[in-house]
Structures are given as C-alpha cells and as structure tokens.
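Have a look at the structure below, then the notes.
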Amino acid sequence: MMAKYDFDTVVDRRKTGSLKWDVKENELPMWVADMDFQTAPEVIEAMQERLNHGVFGYSIVPEEWEASYQNWWKERHHLDIDRNWLVFCTGVVPALSSCVRKLTTPGENVLVQTPVYNIFFNSIRNNGRNILISPLILKGDTYEMDFVDLEEKLANPQTSLMFLCNPQNPSGRVWDRDTLARLGELCEKYSVVVISDEIHCDLTEPGVEYVPFAGVSECCRRNSVTCISASKAFNMAGLQSAAVMIPNPTLRHKVWRALNTDEVAEPNTFAVTSTVAAFEQGGNWLDALRVYLAENREFVRNFLQREIPELRLIGGRATYLLWLDARTLAGRLSAGTEKNLAECIREQTGLYLSDGSEYGSEGFLRMNIACPKSVLNEGLERLKRAVNML
C-alpha cells in the first residue's frame with residue numbers, strides 16, 4: 001500500500017525569497033518550474049539532522065552520492081551507470097553553459113528543437129554561439145521530430161552541438177527508444193555531440209517509463225553528455241545539486257575540466273545530503289506525487305473540455321508542465337497590442353502563466369500544475385475569466 005503524503009495543504013511561499021512567488025498580492029503564479037509542495041519528509045529529516053550538526057565547512061562529493069545515482073537509475077530506469085561517469089555540478093543550466101563553452105567555438109551552431117525550454121536559448125546566445133532551430137512537428141496532440149529538417153541542419157559543418165530535452169519541456173513528450181536511436185545515429189554521423197537534459201525524467205505519469213538517451217545504443221552512449229538531478233522531482237532546485245553523466249572518457253575529461261574551470265563542480269553543505277536522502281528514501285513519496293500530478297492533469301483536461309473549449313491540452317505524459325494550444329484565443333488579441341497572450345491574462349486576472357513565444361511557439365501557453373488542487377482550481381477559474389474577457 002502506498003504511503004499517504006499530504007499534497008493538499010497550501011504552503012504560503014510569499015515573502016520567502018521565492019522567484020515564483022515574488023509577485024503582487026492579487027497574482028497567482030503558475031509559470032516557473034518549481035512545485036508548491038514541500039519536499040519529501042525523508043529529505044527534510046536528513047537535512048535537519050545535518051543542520052543540527054552545526055558545522056558547515058567545505059564539502060566533498062562522497063561515494064554515497066555516486067551510489068545513490070547508480071542505484072536509482074538501475075532500479076527506476078534500467079540503466080547501469082559506472083560511478084566514474086558521474087561528475088557533480090551545481091545545476092543543469094550551469095552544466096549546459098559550461099558544455100557550450102568547452103565543446104564549441106564562438107560562431108558555431110547549437111541545435112535545438114522548438115518548442116523547447118527557454119533557457120537553452122540563453123545558454124547558447126550568451127556564449128556567442130548561434131541558435132539553430134529544427135522545429136518539432138505537432139501531429140494531433142503529440143510532437144514528433146522532423147528528421148528531414150533535422151538531418152539537413154546536423155549536416156551543416158558549423159553545427160557541433162545539440163541540446164536534447166528528454167522528456168520534453170514544455171510539451172511533456174516522452175521520447176521513445178526508436179526516435180532516440182535514430183537521433184543518436186544522425187548526430188554521430190555528422191559529429192554533433194548531444195547534451196541531453198533529463199531533469200524531468202522522474203516525473204512521468206504512473207506506469208510510463210522514460211528512456212535514458214545514453215541507454216539506447218552504443219553510439220548514443222559514446223556521443224552524449226546527460227544532465228540529471230533529484231532537484232526537479234523532489235522540488236529542491238534551490239539546493240543547487242546535479243550530476244553530469246558522461247560515459248565517453250575523452251568527452252568526460254573535457255566536461256570535467258569545463259565544470260571545474262567555471263567553478264561549478266563543488267557542493268554546498270546540503271547538496272549531497274538532500275540528493276542521497278531523496279534517492280535512497282524518497283521513492284514512495286515520489287510515487288504518490290506522480291499519482292497526484294496525474295490527477296491534476298486529468299482535472300485540467302476535463303475543465304478545459306467543459307469550460308474553455310478554446311484551449312487544447314497537448315498530450316504529454318511527463319513533467320508537471322502543461323502545454324496549452326491557445327492559437328484560437330491568441331487570434332482574438334488586437335493586432336495593435338504589444339503584449340503577448342500570457343501578459344494579457346496576467347493583467348486581467350492576475351494569473352501568471354508562461355507565454356509560448358518564450359519557447360519558440362507563438363500562440364501557446366505553459367501552465368505549472370504542481371500545486372494543491374484548490375490552487376489549481378483557482379488558476380483555472382481565472383483562466384476561464386480571462387478567456388471570456390478576450
């Protein structure tokens with residue numbers, strides 16, 4: 001029997017230095033990807049024990065940290081990870097930027113598939129590289145890779161790196177093994193290294209498994225850098241703890257040097273404690289969370305069909321981020337307005353969503369549903385009011 005955990009209690013996050021909740025009193029933020037749930041009680045207990053020790057000097061990365069990743073990925077994702085493949089990093093985004101600087105030169109192309117996590121664009125542009133876009137194809141309510149366009153752009157001699165989002169953010173698409181295998185073969189063929197962001201991998205719907213890119217084939221393994229972490233699934237982004245997994249020893253040495261040169265390879269006091277506790281003791285909590293998030297997703301689906309038929313839910317099966325097709329609604333905005341759809345909704349109702357333009361797709365909205373059902377219902381009612389106003 002699954003342990004009972006409380007996801008219904010509303011935790012007041014205002015005035016706590018929260019990026020998400022640094023908004024006006026009348027606003028309801030459902031944008032940035034962190035959850036409004038407290039992390040697993042087992043993690044809090046482990047951190048409290050560490051806090052009670054009272055000494056917070058420089059920290060190392062002990063073997064327990066590597067073992068926690070190894071055991072979790074073997075049991076949960078059927079991937080055997082050699083401990084030497086793992087390098088500590090303070091976060092996935094710092095790892096992305098470090099890899100861009102180390103594995104490419106200024107003016108080269110880094111390929112992304114839109115719509116995609118908006119910070120990918122920052123990691124490329126801020127480091128003087130070119131963003132090369134291969135748009136995903138929306139078929140019905142599912143995104144597919146456009147392999148004709150993808151191969152053409154991978155074949156460009158200036159393309160040296162690709163960012164893969166697996167599972168996909170913002171659509172929630174869980175990439176299948178065949179798709180990833182085909183992608184891996186193309187990238188190796190054209191000598192394009194794959195940086196796979198797999199931070200959402202533990203947030204699939206119950207019964208749905210994600211496929212680690214490095215576990216698909218030998219060519220995927222030797223030509224990839226995978227960024228993983230407990231932070232998204234256990235709501236610990238502020239603790240700055242992640243891992244970069246690189247089976248290829250030559251590639252691993254380059255990434256290891258990059259992370260150390262950029263000074264993002266040393267843990268804070270709680271980075272290791274929280275991760276080990278999450279992976280060793282937090283499984284039951286995570287399974288309960290996944291059920292709750294699936295219920296929230298279905299609640300939204302039914303609400304939209306019943307109350308806001310102008311919006312269509314794109315059918316992802318991972319993450320707690322919903323990708324809403326609002327192109328019909330966006331068409332109602334007057335041509336003269338300089339505000340995007342999300343800005344109009346926020347201005348009219350206080351509901352703070354992310355606009356699809358941030359991810360490379362106009363006319364869509366991203367909605368974070370990792371919150372108590374009472375808060376989710378309030379957000380949907382505000383969204384309904386906004387639609388009626390438009």
Side-chain angles (χ1 to χ4, degrees), residues 61 65-66 69-70 72-73 77 79-105 108-113 116-117 119-124 126-127 129 131-132 150 154 159-169 175 179-181 183-201 210-232 240-265 275:
V61 180
W65 177 84
E66 294 154 348
Y69 274 96
Q70 288 178 286
W72 185 268
W73 252 259
H77 308 307
L79 180 66
D80 288 313
I81 298 177
D82 186 300
R83 64 182 298 268
N84 294 314
W85 297 356
L86 295 168
V87 182
F88 178 87
C89 185
T90 57
V92 167
V93 172
L96 296 176
S97 292
S98 290
C99 286
V100 168
R101 287 190 290 272
K102 188 67 173 182
L103 303 179
T104 68
T105 57
E108 289 186 337
N109 301 331
V110 180
L111 189 146
V112 297
Q113 297 170 295
V116 76
Y117 179 44
I119 304 302
F120 280 4
F121 303 126
N122 297 349
S123 294
I124 300 167
N126 291 346
N127 288 296
R129 277 63 171 174
I131 299 168
L132 185 62
L150 189 59
L154 289 172
T159 305
S160 52
L161 201 65
M162 174 180 175
F163 282 167
L164 170 67
C165 213
N166 176 41
Q168 214 273 341
N169 171 15
W175 297 116
T179 296
L180 294 175
L183 173 66
E185 290 169 1
L186 284 175
C187 287
E188 185 172 65
K189 176 181 178 180
Y190 295 108
S191 301
V192 176
V193 175
V194 177
I195 310 296
S196 188
D197 175 359
E198 303 191 358
I199 197 170
H200 290 275
C201 67
Y210 108 106
V211 180
F213 182 75
V216 170
S217 67
E218 180 56 35
C219 81
C220 290
R221 180 161 40 251
R222 63 174 169 253
N223 191 46
S224 65
V225 175
T226 301
C227 301
I228 49 182
S229 176
S231 66
K232 197 64 65 177
Q240 299 181 322
S241 183
V244 186
M245 191 261 290
I246 321 110
N248 183 319
T250 302
L251 196 55
R252 182 168 64 251
H253 180 77
K254 291 181 179 180
V255 174
W256 174 78
R257 286 300 309 142
L259 297 175
N260 278 274
T261 299
D262 292 340
E263 304 294 355
V264 292
T275 295

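Under a 3.5 Å cut-off, the side chain of R129 and the backbone N or O of T104 do form a donor-acceptor pair. Formation of a donor-acceptor pair under 3.5 Å by the W256 side chain with backbone atoms of A265 is not found in this model. Without hydrogens or angle criteria, Q70 side chain to I81 main chain gives a donor-acceptor distance under 3.5 Å. In this structure, the side chain of E198 does not engage the main chain of P212 through any donor-acceptor pair within 3.5 Å.
Residues W65 and A242 share a closest heavy-atom pair of CZ2-O, 3.5 Å. Closest non-hydrogen pair, A214 versus S224, comes out as CB-OG, 4.1 Å. Annotation for A95 and L259: closest pair CA-CD2, 4.0 Å, computed over non-hydrogen atoms. Nearest heavy atoms, L79 versus G215: CD1-CA, 3.7 Å. The shortest heavy-atom contact between S241 and F88 is OG-CE1, 3.5 Å.
In this structure, CD1 on I124 lies 12.5 Å from CD on E108, to the nearest 0.5 angstrom. A distance of 11.0 Å separates CG in N166 from NE2 in H200, rounded to the nearest 0.5 Å. Expressed to the nearest 0.5 Å, how far NZ of K232 lies from CG of N169 amounts to 7.5 Å. Between the CG atom in L180 and the OG atom in S196 there is a gap of 7.5 Å [rounded to 0.5 Å]. With rounding to the nearest 0.5 Å, the separation of CG in N223 from CG in L251 is 7.5 Å. Taken to the nearest 0.5 Å, the CG atom of N84 stands 7.5 Å off from the CD atom of E66.
Note: F163 and F120 have tilted aromatic rings, judged against thresholds of 30 and 60 degrees for the angle between ring planes.
For S217, the side-chain contact (heavy atoms from CB on, under 4.5 Å) partners at least two apart in sequence or on another chain are C219, C220. The side-chain contact (heavy atoms from CB on, under 4.5 Å) test applied to V93 returns Y117, I119, S123, not counting sequence neighbours.
Here the side chains of V192 and L111 are not in contact, with every heavy-atom distance at 4.5 Å or above. For the pair Q168/V116, a side-chain contact is recorded, criterion being any heavy-atom separation below 4.5 Å from C-beta on. For the pair S160/L103, no side-chain contact is recorded, criterion being any heavy-atom separation below 4.5 Å from C-beta on. Using a 4.5 Å heavy-atom cutoff, the side chains of C99 and V255 are in contact. Side-chain contact between R221 and W85: present, with at least one pair of heavy atoms (C-beta onward) separated by less than 4.5 Å. Residues T275 and Y69 have side chains in contact (heavy-atom distance under 4.5 Å, counting atoms from C-beta outward). A heavy-atom distance below 4.5 Å is found between the side chains of C201 and P167.
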Would you check, one step at a time, whether the test side-chain contact (heavy atoms from CB on, under 4.5 Å) holds for Y190 with T159?
CA-CA 9 Å; Y190 295 108; T159 305; over 6 Å; no

Could you go through the side-chain contact (heavy atoms from CB on, under 4.5 Å) check for V194 and V225 one step at a time?
CA-CA 6 Å; V194 177; V225 175; over 6 Å; no

Output, in order, the C-alpha distance, side-chain angles, deciding distance and verdict of side-chain contact (heavy atoms from CB on, under 4.5 Å) for W73 and I228.
CA-CA 10 Å; W73 252 259; I228 49 182; 3.4 Å; yes

Yes or no on side-chain contact (heavy atoms from CB on, under 4.5 Å) for D262 and R101, after CA distance, side-chain angles and deciding distance?
CA-CA 10 Å; D262 292 340; R101 287 190 290 272; 2.8 Å; yes

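Residue pairs meeting the salt bridge (Lys or Arg N to Asp or Glu O under 4.0 Å) criterion with at least one member in residues 247-261, sequence neighbours excluded, do not occur.
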